[in-house]
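Scroll down for the structure; my scribbles are underneath it.
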Protein chains: 2
Amino acid sequence: MGQPDTRARIQGAAGMLFRRHGYSATGLKRVATEAEAPFGSLYHFFPGGKQQLAEDMIRTSGPEYGRMVLALLDSVPDPAESLVHAFEAAANDLAAADYADACPIGTVALEVASSNEVLRAATAEVFEEWVDAAAQWFGRWVADPKAARSLACSMIMMLEGAFMLSRAARDTEPLRVAGRSMAALLRTTVAQAGED
Amino acid sequence: MGQPDTRARIQGAAGMLFRRHGYSATGLKRVATEAEAPFGSLYHFFPGGKQQLAEDMIRTSGPEYGRMVLALLDSVPDPAESLVHAFEAAANDLAAADYADACPIGTVALEVASSNEVLRAATAEVFEEWVDAAAQWFGRWVADPKAARSLACSMIMMLEGAFMLSRAARDTEPLRVAGRSMAALLRTTVAQAGED
DNA sequence: GTCTATATTATGATAGAC
DNA sequence: GTCTATCATAATATAGAC
């Protein structure tokens, strides 16, 4: 390695561009420029070209992002309050990034769902991992595994949908609404279980 | 008009491709081919090129789709049950379309959010219209306008997020979970208002 | 209004000197 | 491993015959 990790810079630039503009709109020339790397290095480190670069991003940034979101979920003792705080943190981050950087794989996931089987499968696996991890977290307050998994899946969906609406409107309100709705959903699930 | 509405065929083909593959991945050559229209006709009817074609799609298919979804929400007297049925209908439609045709503007909305101000604003206006219309519907069962609007926004977000996960996994389960969660959210909101 | 041909630029990808 | 030049192709867009 001559430069301080050319490969990492390429990965970083690709991840940023895929996240902001999606798969199709991201050109490899632009990736090389943004990474301050010669174009040839891109194919040296990623012989599979654009698809390999995207799959690498999905399988690296995806799990990382999942861990980051899950880590936000223990900010306070009350889980419902934690949900509100986590979505508020996401809202603040999104606004600070000028509504550019939301979910690293969401845009790509929709783009490739019907056109690239390799990348579709990669995004599906990441979503599945997120739901599994979140279901474990909800399991700490909801005894029924099916109920915990339903909450987990709902949280991921609400987050993705909230990112879409917040980015489109350039307004954090959808994300804040999503957090309050998830808190209400958790509270009512816990209360309902207590009745049995 | 010589052929039975060349313009409409171009609109239809563009809408289908934008919906399935997004904005960047949709080529105008392919649009013309799919529409069985000569390439020149495309620029004859849409001098603004790709962007005009996309904006037209967003402002036409967007409101149409909103009305279609809202119309599903009165299938049965109980509103919570209606929500479950509406999401189930969306799930069945998506599976029948081989997970290709979900929300007509969702993919485009994420793609253009940080790169095309005209199209971003168009998607934002459509989402706003949807939330307004849904808030009116929820208002029939929830007296507080803020609560009704919160439910409406949550429903749209949950639907968009569910489309993303269902398309990625090629599985209708996320959409069905979303419907049940929205039903629970409505029920708890109605119950909570009754306590006051 | 219809349709073909083409201009121009960008894309993903490769070859090969160093 | 680095970097440049270039390939082949496809993109958006336009010109102009009919």
Side-chain angles (χ1 to χ4, degrees), chain A residues 1-58 107-108 111-112 114-120 122, chain B residues 1-58 107-108 111-112 114-120 122:
Chain A
M1 38 175 175
Q3 285 285 103
D5 220 341
T6 301
R7 188 194 151 95
R9 286 205 316 281
I10 292 172
Q11 274 185 314
M16 188 257 282
L17 290 168
F18 284 140
R19 183 180 194 174
R20 289 191 186 173
H21 308 296
Y23 184 69
S24 298
T26 296
L28 297 190
K29 295 243 164 69
R30 174 117 189 255
V31 170
T33 305
E34 210 89 22
E36 298 185 74
F39 189 72
S41 296
L42 203 153
Y43 276 92
H44 172 71
F45 290 112
F46 301 91
K50 193 177 189 176
Q51 177 176 305
Q52 184 188 347
L53 212 46
E55 187 178 2
D56 181 277
M57 183 278 280
I58 292 165
T107 308
V108 175
E111 279 185 278
V112 303
S114 302
S115 55
N116 187 316
E117 187 56 20
V118 172
L119 297 183
R120 179 203 67 75
Chain B
M1 39 180 171
Q3 287 285 101
D5 222 342
T6 301
R7 188 194 151 95
R9 286 205 315 283
I10 292 173
Q11 274 184 315
M16 188 257 284
L17 290 169
F18 284 140
R19 183 180 193 175
R20 290 191 185 173
H21 308 297
Y23 184 70
S24 299
T26 295
L28 296 189
K29 293 241 165 70
R30 174 117 189 257
V31 170
T33 305
E34 209 90 22
E36 298 184 77
F39 189 72
S41 297
L42 203 153
Y43 276 90
H44 172 70
F45 290 113
F46 301 90
K50 193 177 190 177
Q51 177 174 303
Q52 184 188 347
L53 211 46
E55 188 179 1
D56 181 278
M57 183 278 280
I58 292 164
T107 308
V108 176
E111 280 184 279
V112 302
S114 301
S115 55
N116 187 316
E117 187 56 22
V118 171
L119 297 183
R120 179 203 66 75

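Each chain gets a letter, A, B and so on, in the order its sequence line appears, and its residues count up from 1. All heavy atoms count here, side chains included; hydrogens, waters and symmetry mates do not.
- Comparing Gln51(A) and His44(B) by the nucleotide of DNA chain C that holds the closest heavy atom to each, the one mapping nearer the 5' end is His44(B).
- For the pair Arg30(B) CZ and dT11(C) P, the interatomic distance rounds to 21 Å; values are reported in whole Å.
- You'll find the side chain of Gln52(A) stays beyond 4.5 Å of the side chain of Phe45(A), heavy atoms only.
- Rounded to whole Å, atom P of dC3(D) lies 10 Å from atom CD1 of Ile10(A).
- Thr26(B) comes within contact range of the sugar-phosphate backbone alone, with a heavy-atom separation under 4.0 Å but no base atom that close.
- A 4.5 Å side-chain heavy-atom check between Arg30(A) and Thr33(A) finds every atom pair outside the cut-off.
- Distance Phe45(A) CZ to dG12(C) C1': 19 Å, rounded to the nearest Å.
- The shortest distance between the side-chain N/O atoms of Tyr43(A) and the OP1/OP2 oxygens of dT14(C) is not below 4.0 Å.
- Projected onto DNA chain D by closest heavy-atom contact, Gly49(B) and Pro38(A) fall at different nucleotides, the more 5' of which corresponds to Pro38(A).
- Looking at heavy-atom distances under 4.0 Å, Phe46(B) makes no contact with the nucleic acid at all.
- The distance between atom CZ of Arg7(A) and atom P of dT2(D), rounded to the nearest whole Å, is 12 Å.
- Rounded to a whole Å, the CG atom of Leu42(B) is 12 Å from the P atom of dT14(D).
- Between Lys50(B) atom NZ and dT12(D) atom P there is a gap of 4 Å when expressed in whole angstrom units.
- Atom CG of Leu28(B) and atom P of dT8(C) are 19 Å apart (whole Å).
- For the pair Thr6(A) and dT2(D), the criterion of a side-chain N or O lying under 4.0 Å from OP1 or OP2 is met.
- The interatomic distance linking Tyr23(A) (OH) with dT11(C) (P) rounds to 14 Å, in whole Å.
- Checking dT14(D), dG12(C), dC3(D) against every side-chain atom of Phe39(B), the shortest atom distance belongs to dT14(D).
- Closest approach of Thr107(B) to Gly22(B), counting heavy atoms only: CG2-CA, 3.8 Å.
- With rounding to the nearest 0.5 angstrom, the CD atom of Glu111(B) is 9.5 Å from the CZ atom of Phe18(B).
- Each of Val31(B), Leu28(B), Leu53(B) was evaluated against Leu17(B); a single residue qualifies, Val31(B), per the side chain to side chain contact (heavy atoms under 4.5 Å, CB included) test.
- Side-chain N/O atoms of Lys29(A) include none lying less than 4.0 angstrom from OP1 or OP2 on dT11(C).
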